[in-house]
Structures are given as structure tokens and as C-alpha cells.
Amino acid sequence: MTAPDHHASVRYLVDDVQAAIDFYTTHLGFKLNTSAAPAFADVVRGPLRLLLSGPASSGARATPDESNTAGRNRIHLVVDDLDKEITRLRDADLSFRSDVVAGPGGRQILLADPAGNLIELFQPAHRPDPLT
């Protein structure tokens, strides 16, 4: 087990490592940590370290052929104003994979990276402070 002050890491298999770096750093507030493009890079946002593994990376080569497509899993990024983020990303010519879905916990929409991996943008529902 890693110490709690380390990043939690998620690996996404991508077709083009540089395109993935550009997408996450330009549009979603990630910072480039290391790059060994075109094989691999990792980007960081808060406690999340996102591993971007291209076709030549050891992480991608370890994946069985029948599991080499993007799945239904996704990273979950909390935003303060979902409508503002949707407008900003649409203005950057990005498209979404879903409409906004609302529930008791908040509102969300799905965005895909250049390889088709999903990102959930989530705005929590406003909850009154129980102490007031």
C-alpha cells in the first residue's frame, strides 16, 4: 500500500499519447508530470495521477486483446459550475457523450478524451449546512 499522501493512479489506454496530454492539460486542468511520448505520459490533477499509456507502453501491452477498447469506467471530476464547464468545453469544439443527467446527488455529463475514454464532470447538489 502506498502512503496516503501519494496520488491515486488510474491508467487510460490511448491511441496518441501527445493528443491525450494536450487534451487533459488544455481542457481539464491537469499538469504534465512526466512524458515518454509516444509510449507513455502521466498527468496530475489534485490527488489523481492519470497514466496515459500508448500502444507501445508496457501497460498497454499487458492488456488482453479482447479488452483493448475503452470501457464504461470513467474518472470523476468535481466542478463548481457544470453549465459554465459545458459552455467552455463546447467553445473549444469538444463534444459530449451524454446529456446532462440530474439526480439527488447532483448533475453530471460525460465527455470523452481523444481515445474514447470517459470523463464524468459532476456538480454536487447544493446541500444546506446542517449547523445553520
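Nearest heavy-atom pair across Val79 and Pro124 is O-CD, 3.9 Å. Closest approach of Ala125 and Pro104 over heavy atoms only: CB-O, 3.6 Å. Among all heavy-atom pairs drawn from Leu77 and Arg45, the shortest one is CD1-NH1, 3.3 Å.
Looking at residues two or more places apart in sequence or on another chain, you find a side chain to side chain donor-acceptor pair (under 3.5 Å) between Tyr24 and Asp113. With sequence neighbours excluded, the residues satisfying side chain to side chain donor-acceptor pair (under 3.5 Å) with Arg88 are Glu85. Remark: Asp22 engages Gln18 in a side chain to side chain donor-acceptor pair (under 3.5 Å) (not counting sequence neighbours). By the side-chain contact (heavy atoms from CB on, under 4.5 Å) test, His27 is found to be paired with Phe23, Leu89, Ala92, Leu94, residues two or more places apart in sequence or in another chain being considered. Here Asp83 pairs with Arg107 under the salt bridge (Lys or Arg N to Asp or Glu O under 4.0 Å) rule; sequence neighbours left out. In this view, Arg90 satisfies the salt bridge (Lys or Arg N to Asp or Glu O under 4.0 Å) rule with no residue, not counting sequence neighbours. Checked against side-chain contact (heavy atoms from CB on, under 4.5 Å), Val101 has the following partners two or more places apart in sequence or in another chain: Gln108. Take Arg97 and apply the salt bridge (Lys or Arg N to Asp or Glu O under 4.0 Å) test, not counting sequence neighbours, and it matches no residue.
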Given side-chain contact (heavy atoms from CB on, under 4.5 Å), test Arg74 with Leu110 step by step and report yes or no.
CA-CA 9 Å; Arg74 55 194 181 237; Leu110 296 179; 3.3 Å; yes
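Within a 6.0 Å sphere centred on CG of Asp91, heavy atoms belonging to other residues, nucleotides or ligands number more than 12. In the displayed structure, Asp81 atom CG is contacted under 6.0 Å by more than 12 heavy atoms of other residues, nucleotides or ligands.
For the side chain to side chain contact (heavy atoms under 4.5 Å, CB included) criterion with Ile75, the lone passing option out of Leu121, Asn117, Ile119 is Ile119.
Note on Ile86: it clusters hydrophobically with Leu28, by side-chain heavy-atom contacts below 4.5 Å among ILVMFWY residues. In the hydrophobic cluster analysis, where Ile, Leu, Val, Met, Phe, Trp and Tyr join through side-chain heavy atoms closer than 4.5 angstrom, Val78 is grouped apart from Val10. Under a hydrophobic-cluster definition in which Ile, Leu, Val, Met, Phe, Trp and Tyr are linked whenever side-chain heavy atoms come within less than 4.5 Å, directly or via other members, Leu118 and Ile21 are assigned to different clusters. A continuous path of Ile, Leu, Val, Met, Phe, Trp and Tyr side chains, each step under 4.5 Å between heavy atoms, connects Val100 with Leu111, placing both in one hydrophobic cluster.
Residues Phe30 and Arg49 are not in side-chain contact: their nearest non-hydrogen atoms beyond the backbone lie 4.5 Å or more apart. No side-chain heavy atom of Val43 sits under 4.5 Å from any side-chain heavy atom of Lys31. Leu50 places none of its side-chain heavy atoms less than 4.5 Å from the side chain of Ser9.
Among pairs with a residue in residues 83-122, those fulfilling ring pair (Phe, Tyr, Trp, His ring centres under 6.0 Å) read His76-Phe122, at least two apart in sequence or across chains. Sorted by first then second residue, the ring pair (Phe, Tyr, Trp, His ring centres under 6.0 Å) pairs that include residues 38-60, not counting sequence neighbours, number zero.
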Just list the side-chain donor-acceptor pairs under 3.5 Å for residues 32-39, sequence neighbours left out, or say none.
{"unit_1": "Asn33", "atom_1": "ND2", "unit_2": "Asp42", "atom_2": "OD2", "d": "2.7"}
{"unit_1": "Thr34", "atom_1": "OG1", "unit_2": "Asp42", "atom_2": "OD1", "d": "2.2"}
{"unit_1": "Ser35", "atom_1": "OG", "unit_2": "Ala37", "atom_2": "N", "d": "3.3"}

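Under the 3.5 Å distance criterion, the side-chain polar atoms of Ser98 are left unmatched by any main-chain donor or acceptor of Ile109.
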